[in-house]
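In what follows, a single structure is set out as C-alpha cells and then discussed.
This one's a predicted model, so the numbers in the text were calculated from it and none came from an experiment.
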Amino acid sequence: MEEYILNSDEEEIKRFSKLSGEWWKENGAFAPLHRITPIRIEFILKAVNDGQEYSTDEERPLKNLNIIDVGCGGGILSEPLKRLGASITGIDASETAIQSARLHSRKSNLEINYLVGTIDSLIEQKKLYDLVIASEVIEHVQDPNDFIKGLKKLVLPKGKIILTTLSRSLKSFLIAKVAAEYLTKIIPVGTHEWKKFLNPQELETLLASDGFRVDFIKGMTYKIKSDRFVLSDDLSMNYAIAATYFESTTI
Ligand SMILES: C[S@@+](CC[C@H](N)C(=O)[O-])C[C@H]1O[C@@H](n2cnc3c(N)ncnc32)[C@H](O)[C@@H]1O
C-alpha cells in the first residue's frame with residue numbers, strides 16, 4: 001500500500017499547529033480563508049449543480065452528498081458545508097487544528113466527523129465520497145502529483161473533486177508572498193512557498209492524467225471597490241478548479 005502520510009510536509013504541519021488559536025479569528029492569521037469562504041461555497045454549489053447557479057430557495061442543496069474536506073484545518077469551510085446539508089468528514093494532519101475544529105463545531109451545534117491524519121487511513125478503509133475537497137492545501141504538500149493520486153482513491157466514479165489554490169505568477173509572488181507576508185503582515189511570514197504554487201494548466205494536466213475531466217476553473221479575485229472576493233476569469237492569483245472522476249476505461 002502506498003504511504004500518503006509521507007506526503008505531508010512536517011514543517012508545514014508544525015507551522016499550522018502553532019496557529020491553532022487563530023482558526024476562528026476573522027481578522028487573525030487565517031483572515032484570507034474567512035474572506036474567500038462565501039465564494040468557495042458559491043463555486044462548490046455551482047460545481048455540484050453541473051455548472052449551473054443554484055436556486056437560492058433551496059435551503060439544504062448539499063443534503064444528499066457525502067463530502068470529505070481534506071486539510072480542513074479548523075473547519076472554516078466544513079461548517080458552512082454542513083449547514084447546507086452535506087454529510088461531512090474533515091481530516092487534517094495537524095492535531096491542534098482538529099481540536100480547534102471539534103471545539104468550534106460543538107459550539108456551533110454541528111455534527112461533523114473530524115479526523116486527525118492524512119488520507120492514507122481512509123484509502124485503506126476504502127472510503128469513497130461524492131465530493132472530495134482540498135481547499136488551499138495542495139500548495140502545502142510535498143508532492144502534488146502524489147497528493148492527487150491519493151485524493152482520486154477517495155472519489156466515487158462520476159464523483160467530483162474541487163481544489164482551490166494559488167497560481168505561480170508574478171502577481172501572486174508580489175501579492176501573496178511579498179505584500180501579504182512582509183509588507184502588510186496579513187498572514188504570518190513563511191505561510192507560502194511560492195515555488196510550490198501550481199498554474200491552472202499544470203493542475204489540469206495532473207488531474208487529466210489521473211482520470212479526471214476538468215469541468216470548470218474560476219479565479220477568486222479581490223475587488224478593492226467592494227472590498228470583497230468574487231469569482232472571475234482572472235486565474236493569475238487564487239483559483240478554484242472542479243473536475244469529475246471517470247475511471248480511465250470510461251473517459
Ligand atoms: C491553508 S490551510 C487550509 C485549511 C482549510 N482547508 C481552509 O481552507 O479553511 C492548509 C491545511 O492543510 C493541512 N495539511 C497540509 N498537508 C496535509 C496533508 N498531507 N494531509 C492533511 N492535511 C494537510 C494543514 O495542516 C492545514 O491545516
(message) Using 0.5 Å steps for rounding, measure from the CG atom of Leu110 to the OG atom of Ser105.
(response) 6.5 Å

(message) Rounded to the nearest 0.5 Å, what separates atom CG in Leu33 from atom CD1 in Ile76?
(response) 5.0 Å

(request) Without swapping roles, check the side chain of Asp92 against the backbone of Gly73 for a donor-acceptor pair under 3.5 Å. (result) yes

(request) Examine distances only and state if a side-chain atom of Glu139 and a backbone atom of Thr165 form a donor-acceptor pair shorter than 3.5 Å. (result) no

(message) Glu202: which residues meet the salt bridge (charged side-chain N to carboxylate O under 4.0 Å, His left out) condition with it, sequence neighbours left out?
(response) Arg168

(message) Any carboxylate oxygen within less than 4.0 angstrom of a Lys/Arg side-chain nitrogen, looking at Asp120 and Lys153?
(response) no

(message) Pairing donors with acceptors under 3.5 angstrom, does anything connect the side chains of Ser20 and Ser100?
(response) no

(request) Identify the two heavy atoms, one from Gly219 and one from Leu235, that lie closest to each other, and give their separation to 0.1 Å. (result) N-CD2, 3.3 Å

(message) How about CD on Glu10, more than 12 heavy atoms from neighbouring residues, nucleotides or ligands closer than 6.0 Å, or not?
(response) no

(message) Return the OH to CZ distance between Tyr114 and Arg106, rounded to the nearest 0.5 Å.
(response) 11.0 Å

(request) Write down the atom of Ile67, the atom of Ala86, and the distance for their closest heavy-atom approach. (result) CD1-CB, 3.6 Å

(message) With a 4.5 Å cut-off on side-chain heavy atoms, are Asn113 and Ile88 touching?
(response) no

(message) Measuring only between side-chain heavy atoms, which start at C-beta, is Thr221 closer than 4.5 Å to Met237?
(response) no

(message) With heavy-atom distances below 4.5 Å as the criterion, would you say the side chains of Ile148 and Leu163 are in contact?
(response) yes

(message) Going by ring pair (Phe, Tyr, Trp, His ring centres under 6.0 Å), name the residues that satisfy it together with Tyr239, two or more places apart in sequence or in a different chain.
(response) none

(request) Output the distance between atom CD1 (Ile98) and atom CZ (Arg102), rounded to the nearest 0.5 Å. (result) 6.5 Å

(message) Is the ring pair Trp23/Phe16 parallel, tilted or perpendicular, if the boundaries are 30 and 60 degrees?
(response) parallel

(request) Give the cluster check for Val214 versus Ile138: same hydrophobic cluster or not, with ILVMFWY residues linked at side-chain heavy-atom distances below 4.5 Å. (result) yes

(message) Quiz question: by atom type and distance under 3.5 Å, do the side chains of Arg40 and Ser135 form a donor-acceptor pair?
(response) yes

(request) Quick one: pull up OG in Ser108 and CZ in Arg83 and give me the separation to the nearest 0.5 Å. (result) 5.0 Å

(message) Main chain of Gly74, side chain of Trp24: is a donor-acceptor contact present, judged purely on distance under 3.5 Å?
(response) yes

(message) Taking side-chain contact (heavy atoms from CB on, under 4.5 Å) as the criterion, tell me which of Ile68, Val70, Leu77 meets it with Ile133.
(response) Leu77

(message) Please check: side-chain N/O of Arg213 versus main-chain N/O of Tyr245, any donor-acceptor pairing under 3.5 Å?
(response) no

(request) Indicate whether any N or O donor in one side chain lies under 3.5 Å from an N or O acceptor in the other, for Thr244 and Asp215. (result) yes

(request) Indicate yes or no: at least one non-hydrogen side-chain atom of Leu198 is less than 4.5 angstrom from one of Pro144. (result) yes

(message) Are the side chains of Leu65 and Tyr129 in contact, using a 4.5 Å heavy-atom criterion?
(response) no

(request) Could you tell me which non-hydrogen atom of Gly75 sits nearest to which non-hydrogen atom of Pro80, and how far apart they are? (result) O-CD, 4.5 Å

(message) Could you check whether any side-chain N or O of Thr164 sits under 3.5 Å from a backbone N or O of Glu136, counting only pairs where one atom can act as donor and the other as acceptor?
(response) yes

(request) Would you give the length of the straight line joining atom CG of Asn238 to atom OH of Tyr222, rounded to the nearest 0.5 angstrom? (result) 13.0 Å

(message) Any heavy-atom pair between the side chains of Phe246 and Pro157 that's under 4.5 Å?
(response) no

(request) Considering non-hydrogen atoms only, spot the tightest contact between Leu128 and Asn66 and give its length. (result) O-ND2, 3.8 Å

(message) Check Asp227 with Arg35, please: is the shortest side-chain N to carboxylate O separation under 4.0 Å?
(response) yes

(message) On a heavy-atom basis, which atom in Val137 and which in Gly71 lie closest, and how many Å separate them?
(response) CG2-O, 3.6 Å

(message) Testing the 3.5 Å rule here: is there a donor-acceptor pair between the side chains of Ser236 and Asp234?
(response) yes

(request) Starting from the C-alpha separation in whole Å, work towards a yes-or-no answer on side chain to side chain contact (heavy atoms under 4.5 Å, CB included) for Asp130 and Lys160. (result) CA-CA 6 Å; Asp130 301 296; Lys160 290 190 188 291; over 6 Å; no

(message) Any non-hydrogen side-chain atom of Leu131 less than 4.5 Å from a side-chain atom of Val155?
(response) no

(message) Assess the residue pair Glu22 and Leu19 against the criterion (side chain to side chain contact (heavy atoms under 4.5 Å, CB included)); give the C-alpha distance rounded to whole Å, side-chain angles, the decisive distance to 0.1 Å, and a yes or no.
(response) CA-CA 5 Å; Glu22 294 286 306; Leu19 295 168; 4.2 Å; yes

(message) Are Asp9 and Lys196 packed together at the side-chain level, in the sense that at least one heavy-atom pair is separated by less than 4.5 angstrom?
(response) yes

(request) Assess whether side chain to side chain contact (heavy atoms under 4.5 Å, CB included) is satisfied between Ile41 and Ile39, documenting all intermediate values. (result) CA-CA 5 Å; Ile41 295 292; Ile39 55 164; over 6 Å; no

(message) Looking at every heavy atom in both Ser232 and Lys218, which two are closest together, and how far apart are they?
(response) O-CD, 3.4 Å

(message) Could you walk me through whether Asp69 and Ile91 satisfy the side chain to side chain contact (heavy atoms under 4.5 Å, CB included) test, starting with their C-alpha distance in whole Å, then the side-chain angles of each, then the deciding distance to 0.1 Å, before giving a yes or no?
(response) CA-CA 6 Å; Asp69 184 5; Ile91 186 162; over 6 Å; no

(message) Can you tell whether the side chains of Glu79 and Lys82 come within less than 4.0 Å, N to carboxylate O?
(response) no

(request) Mark yes when over 12 heavy atoms from residues, nucleotides or ligands other than Lys63 sit less than 6.0 Å from its NZ; otherwise mark no. (result) yes

